[in-house]
Chemist: 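The following block contains the structure, expressed as structure tokens.
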Amino acid sequence: MFQTIFQLFFTFLFVLLSLSAMADSITVYVSKPPKQQESVGRVDLGSTTSSFSVITSDNFENRHTELSQLIEQETGIQILSSGGVGGFSSASIRGASSEQVAVYVDGVPVNQASGGAFDLSLISLDEVESIELYRGSVPMELGNASLGGAINIITKKTVSGFNSNLKATLGSFTTQEYSLSVSGGKDKNSFILSANALKSDNDYEFINNNGTENNPDDDRREKRNNSALRRDSALAKWKYKINSNANIDSKLEWLDRLQQIPGVQNNPDADGVVLLKNLDFFSQYNQKHFYSSQAEFSAKVFAGQLEDRFIDSRGANGFSPSDVQSFTDNIGSEIFVKYKADFYQLKYRLLFERQDFTSEDFENDLSPQSSQRNYFEQVFEYKYFSFHNSLISAFSLRHVYAEDNNNIAWDIFDNPVDVEDREYNILTPQLGIKYKFNSAAYINFNMGEYVRLPSFFELFGDQGFFRGASNLKEETGLNIDVGYVYTIFKLNSWLDNSKFYLGYFHNTIENLIVREVNSQGFSTARNIANAQINGVEANVKLYPQKKWSVLLNATYQDSENTSDIPAYTGKRLPAVYEQDYSLLVSYANQKWISGISWQLKKNMYYDRPNLLPATDISDINLSILRKWQRHSFEFKADNLLNNQYENFRLQPTAGTAYYLTYTYRL
């Protein structure tokens with residue numbers, strides 16, 4: 001299979017290269033690229049060698065949608081969701097697990113050392129300006145490279161003048177969402193204040209198979225019990241312009257969420273709940289012309305606290321009652337320096353972060369479990385421009401030093417575990433090349449080594465039904481990808497500004513951390529598997545008429561477990577769909593914006609032996625937006641086919657849902 005994919009890719013690439021070589025004989029009109037928000041330390045999208053996509057607020061402003069739904073429309077991205085409005089959602093990029101995808105907010109890492117995939121449902125799009133998606137190779141401005149890629153969420157920017165926006169949504173399952181934002185500025189100061197409140201009963205109907213998939217006689221249709229959600233969040237940003245070359249950006253974010261957890265068999269008396277509170281602070285000093293007209297400098301500090309409490313007094317989600325509370329405190333700083341010469345750039349980034357994790361089991365009255373991770377990272381990049389900037393070569397070297405200091409840990413039988421302090425010292429290189437054939441076509445190539453440190457959760461367990469393994473090794477990987485982009489600029493043609501992308505990627509992972517489950521339901525983390533992921537991804541954007549647009553994505557990824565365990569060797573990795581296709585057709589004029597999207601996902605397994613296949617996904621969504629000068633009104637219908645499936649085992653998603661959204665702008 002791999003050889004066939006390899007041959008098809010390079011055959012297609014040869015054809016596209018031939019077309020691009022002929023482009024010099026065709027009249028090509030250069031179109032202006034989308035304007036990027038100017039900020040020291042941001043990724044330069046024009047010169048980066050990484051494969052990336054950018055979603056701007058034009059795609060979700062004044063609409064009801066979730067971050068996970070939005071990024072799932074991009075090629076190479078897959079979302080796993082626990083179901084329901086605001087339910088847990090995590091991203092997989094190019095077949096990598098959600099833990100192997102780095103997530104940033106305004107360039108600050110939000111993946112916790114305590115472990116687990118970042119929950120995308122914690123982010124309200126009403127507070128977001130744009131989303132940058134990097135597949136495979138991660139730019140040095142975003143810090144530690146990850147195995148799958150990175151997601152950088154850019155919050156709303158401050159603006160001068162006074163602006164306000166009020167939005168209200170009503171929908172299925174007693175869903176309500178309200179948001180308010182106010183922004184303004186004068187002279188050297190500008191600010192934005194934003195608040196969002198979301199709640200839903202999530203009492204959608206589904207077919208409960210009573211735990212017997214092969215016996216349809218005892219299936220019953222019922223409403224989801226104990227699945228309600230409440231999420232409140234707020235954002236405050238302030239920008240002070242010192243002079244034309246320097247400014248200070250500061251931000252404060254607050255989140256409070258209550259998520260009920262349905263019982264394994266949808267027990268009517270289940271009372272499981274997760275309570276989460278988060279507070280983050282961030283401040284950054286930016287200066288252009290830093291001691292030289294060719295140098296830039298930025299320095300930032302950040303701090304936050306995440307409080308997470310799981311209560312299951314009746315044991316509906318396990319074998320016994322639970323009441324576990326954990327705190328993750330983090331504080332860090334970063335320095336970034338960039339020097340730009342005529343033909344080269346030098347960049348240096350230094351990061352320090354400290355995370356303190358404390359977990360206490362109130363049900364069993366155990367002494368608190370605590371761990372601390374000190375993390376240092378420095379990255380140096382040399383980027384060279386040659387052949388009139390047609391060829392861009394970038395070499396990065398990352399050095400990571402981390403140390404874990406551990407106090408006490410408990411196993412699943414409430415016995416103390418001997419825990420040793422751990423130390424990591426890692427050096428990883430990365431090479432990137434981008435060659436522009438002309439103004440319409442370019443090819444990019446990336447190769448780099450990547451490392452993921454085991455989380456505290458994987459090392460020490462959770463005092464519940466997950467047993468840690470303090471001798472875990474860090475995951476290591478090698479990513480290789482090749483991408484080709486061809487944009488057609490022909491005025492007065494239906495192909496004008498159409499874009500074609502084709503990419504091939506290969507990912508080798510060693511010491512892959514997996515979670516084994518025994519017959520009693522207890523899980524253990526182990527380094528037992530190596531893996532390879534090979535794939536092809538394609539993206540086509542067409543504008544057949546002035547008011548119409550068509551977006552088509554296709555991804556095929558062949559993942560293989562290459563461990564020496566006979567039961568798993570040659571099997572596909574769990575929680576990764578082999579095939580992923582999507583189509584979005586939109587119509588827009590000055591007053592109406594409508595769109596219909598279709599998505600198909602095929603061939604996924606829940607387990608490593610590939611004995612538990614997941615249901616294929618086929619969705620159709622519809623949205624219609626009517627705009628006036630100060631008002632807008634949207635009707636949205638999700639999952640028109642009413643197909644229900646499970647991203648996570650025994651966690652069914654909702655069927656058809658309808659939403660009405662009203663927005664008023666002042």
Side-chain angles (χ1 to χ4, degrees), residues 57-70 72-73 79 81-89 120-128 156 164-182 193-206 222-235 255-260 262 586 588 591-597 619-644 652-666:
S57 58
D58 296 337
N59 295 278
F60 54 84
E61 195 173 34
N62 304 328
R63 300 170 178 238
H64 174 76
T65 189
E66 298 183 32
L67 176 60
S68 57
Q69 294 176 319
L70 193 65
E72 196 170 24
Q73 298 176 4
I79 296 296
S81 173
S82 62
V85 177
F88 178 88
S89 299
L120 299 174
S121 69
L122 301 180
I123 303 294
S124 167
L125 283 176
D126 292 322
E127 301 168 356
V128 174
K156 285 186 177 295
S164 65
N165 197 81
L166 174 65
K167 190 177 79 171
T169 297
L170 300 177
S172 300
F173 324 125
T174 324
T175 298
Q176 301 177 54
E177 183 174 18
Y178 306 97
S179 65
L180 173 66
S181 65
V182 178
L193 301 174
S194 177
N196 176 271
L198 170 67
K199 67 177 183 177
S200 178
D201 289 344
N202 277 327
D203 55 347
Y204 51 88
E205 290 189 349
F206 74 106
E222 57 190 26
K223 285 191 173 184
R224 198 80 166 132
N225 295 315
N226 197 59
S227 188
L229 166 92
R230 176 190 55 78
R231 185 193 69 197
D232 300 314
S233 63
L235 167 72
L255 172 75
D256 189 337
R257 187 178 77 166
L258 181 152
Q259 173 74 68
Q260 293 181 337
S586 301
K591 296 182 178 180
W592 293 91
I593 300 176
S594 59
I596 184 168
S597 63
D619 280 345
I620 294 180
N621 304 318
L622 172 70
S623 67
I624 301 174
L625 178 67
R626 175 63 162 88
K627 301 172 67 176
W628 290 270
Q629 185 175 2
R630 295 186 182 277
H631 309 263
S632 68
F633 184 82
E634 183 204 33
F635 167 76
K636 182 183 180 186
D638 285 345
N639 194 1
L640 286 174
L641 299 179
N642 199 31
N643 291 329
Q644 292 183 281
T653 58
T656 304
Y658 303 97
Y659 304 97
L660 297 175
T661 300
Y662 170 77
T663 305
Y664 176 75
R665 297 172 298 279
L666 179 62

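Note that the structure is predicted; figures quoted are calculated from it, not measured.
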Chemist: Look up atom OG1 in Thr653 and atom CZ in Phe206, then write down how far apart they are to the nearest 0.5 Å.
Modeler: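 CZ of Phe206 is found 11.0 Å from OG1 of Thr653.
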Chemist: Quick check: closest heavy atoms across Gln260 and Ser227, and the distance to 0.1 Å?
Modeler: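 Shortest heavy-atom contact: OE1-N, 3.4 Å.
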Chemist: Mind checking whether Glu634 and His64 have side chains closer than 4.5 Å, heavy atoms only?
Modeler: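 They are in contact (side-chain heavy atoms under 4.5 Å apart), so the answer is yes.
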Chemist: Which of these, Thr169, Thr661, Leu170, sits in a side-chain contact (heavy atoms from CB on, under 4.5 Å) with Glu177?
Modeler: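 Filter result, single survivor: Thr169.
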Chemist: With the side chain counted from C-beta on, respond yes when Lys223 and Tyr204 share a heavy-atom pair under 4.5 Å apart, and no when they do not.
Modeler: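 Lys223 does not reach Tyr204 side chain to side chain.
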Chemist: Between Tyr658 and Phe635, how do the two ring planes meet: parallel, tilted or perpendicular, split at 30° and 60°?
Modeler: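 Answer is parallel, since the angle falls under 30°.
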Chemist: Applying side chain to side chain donor-acceptor pair (under 3.5 Å) between Lys167 and each of Asn196, Thr663, Asp126, report the one that passes.
Modeler: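 The option that passes is Asp126.
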Chemist: One pair to check against side-chain contact (heavy atoms from CB on, under 4.5 Å): Asp256 and Arg230. What are the steps and the verdict?
Modeler: CA-CA 8 Å; Asp256 189 337; Arg230 176 190 55 78; 3.7 Å; yes
Chemist: Do Arg626 and Trp628 form a cation-pi contact, if we require the NZ or CZ to be under 6.0 Å from the six-membered ring centre and within 45 degrees of the ring's axis?
Modeler: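 Ring-cation test returns yes.
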Chemist: Do Glu127 and Ser233 pair up side chain to side chain, a donor and an acceptor below 3.5 Å, judged on atom types alone?
Modeler: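 Note: Glu127 and Ser233 side chains meet the donor-acceptor criterion.
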Chemist: Check whether the side chains of Thr175 and Ser200 place a donor and an acceptor atom closer than 3.5 Å, and report yes or no.
Modeler: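 Short answer, yes.
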Chemist: Using a 4.5 Å cut-off on heavy atoms from C-beta on, say whether the side chain of Asn202 contacts that of Arg224.
Modeler: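 With C-beta onward as the side chain, the pair stays apart.
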Chemist: When you check the side-chain N and O atoms of Arg257 and Ser121, is any donor under 3.5 Å from an acceptor?
Modeler: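 Their side chains do contain a donor-acceptor pair, which is all the 3.5 Å distance test asks for.
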